[in-house]
Amino acid sequence: MIRTRFAPSPTGHLHIGSARTALFNWLFARHHRGVFILRIEDTDQARSTEESTRAILESMKWMGLDWDEGPYFQSRRTAIYREHVDKLLGEGKAYRCYCDPDHLEELRKQALARGDKPKYPGTCRDLTDVHPDRPFAIRFKAPREGRTDVHDLIKGHVVFDNAELDDLVICRRDGTPTYNFVVVVDDVTMGITHIIRGDDHLNNTPRQILLYQAFNYPLPAFAHMSLTLGTDRARLSKRHGATSVMAYREMGYLPEALNNFIVRLGWSCGDQEIFSTAELIDKFSLEHVGKSAGVFNVDKLNWLNAHYIKQESDERMAQMLVPFLQKKGYAPDGSLDLVKVVRGLKERSKTLEEMAEKASFYFKDTLTYNPDAAAKFLTAPMADVFAEMIHHVESTGATDENELEAVFKRMQVERGLSLKQLAQGHRVALTGETASPGIYEVMAALGKEKVVRRLREAMAFIKSAGT
Ligand code: GLU
């Protein structure tokens with residue numbers, strides 16, 4: 001049974017790079033019908049916040065990354081870590097280190113100044129006396145010779161010289177266990193079979209492997225993924241724009257589009273670009289995770305988002321659009337058919353934010369006409385046309401698209417006007433602009449009352465402009 005985990009540190013929002021780690025772990029577990037575990041690595045109490053935990057959980061839920069176990073919190077597992085520290089101490093695989101931290105810090109600085117790699121000198125490594133009255137940290141007694149091999153499913157075979165690895169502090173003087181130690185204890189006790197994470201953790205892996213060996217625990221499989229870069233090939237950061245999953249949600253991206261985009265930052269399946277979630281689960285494998293870094297290209301994300309917006313049902317898009325309209329100060333009520341509003345805008349919007357912007361004219365109390373458009377299309381002969389349209393809409397009470405088309409055709413013949421003149425005249429009167437969704441769609445979505453009111457206002461405008 002395959003068991004994976006996502007282990008974020010709750011020190012901020014869910015970053016796009018971490019979201020990719022979460023997604024890969026989730027997909028790998030789902031593909032193998034395994035278990036996906038969520039573990040919150042909140043041992044760094046000074047930097048961890050509950051708000052970050054909430055933001056991470058919310059982002060994952062929005063992305064559809066449901067977890068089967070957890071969230072486990074490292075801050076609640078102290079007893080388990082303690083037990084494991086004691087086990088290593090008892091077996092002589094760890095030792096108490098009484099060295100003065102200031103002195104060690106001094107040695108570290110000196111080594112760095114010489115250009116050497118700082119290393120613990122091993123002062124307490126073979127000490128057998130116990131000094132209960134003196135403060136101590138606990139260090140892992142790491143082998144000083146030999147090498148540690150990491151057989152990474154993405155990076156391949158990576159070898160580390162044990163002489164390079166230090167006697168890791170596993171428990172600080174204040175009794176708190178350290179990062180590399182708790183990760184191993186957690187992964188072992190949670191039965192993790194595959195550790196899929198960012199390659200910024202690759203250097204931790206040999207230290208962690210030595211701990212597995214000290215405990216006689218079987219090794220899990222490791223897979224370290226390359227980082228995500230910006231288009232300038234620097235590590236993705238705020239400088240490149242928004243980096244959190246939440247920010248993309250707020251800008252009006254759909255979770256399907258973001259997931260599809262993120263998964264392709266490092267994973268491929270032939271030339272295919274668009275994948276449904278079911279297809280991703282079916283096709284995902286670590287063999288096709290590339291060694292090179294994925295580049296975050298927002299144009300591609302926009303392209304994918306436009307695709308998913310077009311493909312979604314009008315009903316779901318209408319629901320999703322509501323908060324974006326509210327953000328702009330509009331309160332969509334029953335008087336306007338949102339599903340029809342969306343139908344006309346789906347083809348022309350890259351994000352929900354853009355769709356809300358393009359839908360603004362539906363909600364405004366008074367339109368401001370684009371001056372050029374008004375000069376060109378709100379002309380004297382149109383006043384009569386609008387009067388006829390008002391009459392039609394009021395008498396039939398309906399703004400049915402097919403019926404409107406027939407009325408436009410009839411007016412064309414009877415009045416000798418081009419379809420363009422008619423359509424643009426109505427468009428400016430009803431939207432203020434010369435570009436909008438199809439005019440019949442606009443009228444159908446606006447509904448009888450708004451159509452009549454706006455056409456009357458346009459007539460008044462024509463009169464006052466005296467054109
Ligand atoms: N908590 C670590 C991080 O957020 C992940 C550790 C791991 O995956 O082993 O980078």
Side-chain angles (χ1 to χ4, degrees), residues 2-29 34-57 59-60 63 65 67 69-77 80-81 84 148 150 152-155 158 160 168 170 176-212 215 217 219-228 235-237 243-245 262 265-266 286 289 293:
I2 296 238
R3 291 169 66 89
T4 66
R5 60 16 173 226
F6 175 51
S9 307
T11 55
H13 277 285
L14 184 63
H15 185 277
I16 292 288
S18 309
R20 187 182 56 146
T21 306
L23 181 59
F24 281 21
N25 276 288
W26 182 83
L27 284 173
F28 190 73
V35 175
F36 174 61
I37 293 162
L38 177 59
R39 178 169 85 222
I40 304 293
E41 303 210 317
D42 58 349
T43 40
D44 184 346
Q45 299 224 330
R47 293 178 60 224
S48 301
T49 66
E50 270 176 37
E51 194 192 333
S52 299
T53 302
R54 264 197 305 277
I56 291 168
L57 300 194
S59 302
M60 289 182 65
M63 291 172 73
L65 307 183
W67 50 92
E69 282 182 28
Y72 295 114
F73 290 85
Q74 286 184 331
S75 56
R76 298 180 199 161
R77 295 170 52 81
I80 298 172
Y81 305 139
H84 281 78
T148 298
V150 180
D152 193 274
L153 294 176
I154 296 170
K155 302 279 170 194
V158 190
F160 293 83
L168 190 76
I170 56 175
T176 57
T178 58
Y179 171 72
N180 276 303
F181 184 75
V182 298
V183 166
V184 170
V185 174
D186 283 345
D187 286 336
V188 163
T189 51
M190 293 175 191
I192 306 299
T193 59
H194 289 72
I195 295 182
I196 306 167
R197 61 187 171 197
D199 65 5
D200 45 339
H201 290 288
L202 183 59
N203 281 335
N204 288 328
T205 307
R207 299 174 214 282
Q208 295 181 3
I209 288 179
L210 291 176
L211 287 168
Y212 276 92
F215 283 120
Y217 287 138
L219 283 185
F222 290 97
H224 287 91
M225 331 183 313
S226 300
L227 294 179
T228 304
R235 186 175 178 167
L236 189 68
S237 72
T243 53
S244 76
V245 168
I262 289 178
L265 294 169
L286 289 172
V289 175

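When a ligand or atom number is given, it counts from 1 through the structure's own listing order. In this chain, residues are counted from 1 in sequence order.
- Heavy-atom contacts from other residues, nucleotides or ligands closer than 6.0 Å to CD of Glu51 number 12 or fewer.
- A cation-pi contact links Arg20 to Phe24, judged by a cut-off of 6.0 Å to the six-membered ring centre and 45° from its axis.
- Under a cut-off of 6.0 angstrom, the local environment of NE2 in His194 is crowded, with over 12 non-hydrogen atoms contributed by other residues, nucleotides or ligands.
- The salt bridge (Lys or Arg N to Asp or Glu O under 4.0 Å) check on Arg197 picks up nothing, with sequence neighbours excluded.
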Starting from the N and O atoms of ligand 1, find every protein N or O within less than 3.5 Å and list the pair with its distance.
unit_1: ligand 1; atom_1: 1 (N); unit_2: Ala7; atom_2: O; d: 2.7
unit_1: ligand 1; atom_1: 1 (N); unit_2: Ser9; atom_2: OG; d: 3.0
unit_1: ligand 1; atom_1: 1 (N); unit_2: Glu41; atom_2: OE1; d: 2.5
unit_1: ligand 1; atom_1: 4 (O); unit_2: Ser9; atom_2: N; d: 3.4
unit_1: ligand 1; atom_1: 4 (O); unit_2: Ser9; atom_2: OG; d: 3.3
unit_1: ligand 1; atom_1: 8 (O); unit_2: Arg5; atom_2: NH1; d: 2.6
unit_1: ligand 1; atom_1: 9 (O); unit_2: Arg5; atom_2: NH2; d: 2.9
unit_1: ligand 1; atom_1: 9 (O); unit_2: Arg197; atom_2: NH1; d: 2.8
unit_1: ligand 1; atom_1: 10 (O); unit_2: His201; atom_2: NE2; d: 2.9

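- Tyr212 is linked by a ring pair (Phe, Tyr, Trp, His ring centres under 6.0 Å) to nothing, counting only residues two or more places apart in sequence or in another chain.
- For His224, the ring pair (Phe, Tyr, Trp, His ring centres under 6.0 Å) test picks out no residue, with sequence neighbours left out.
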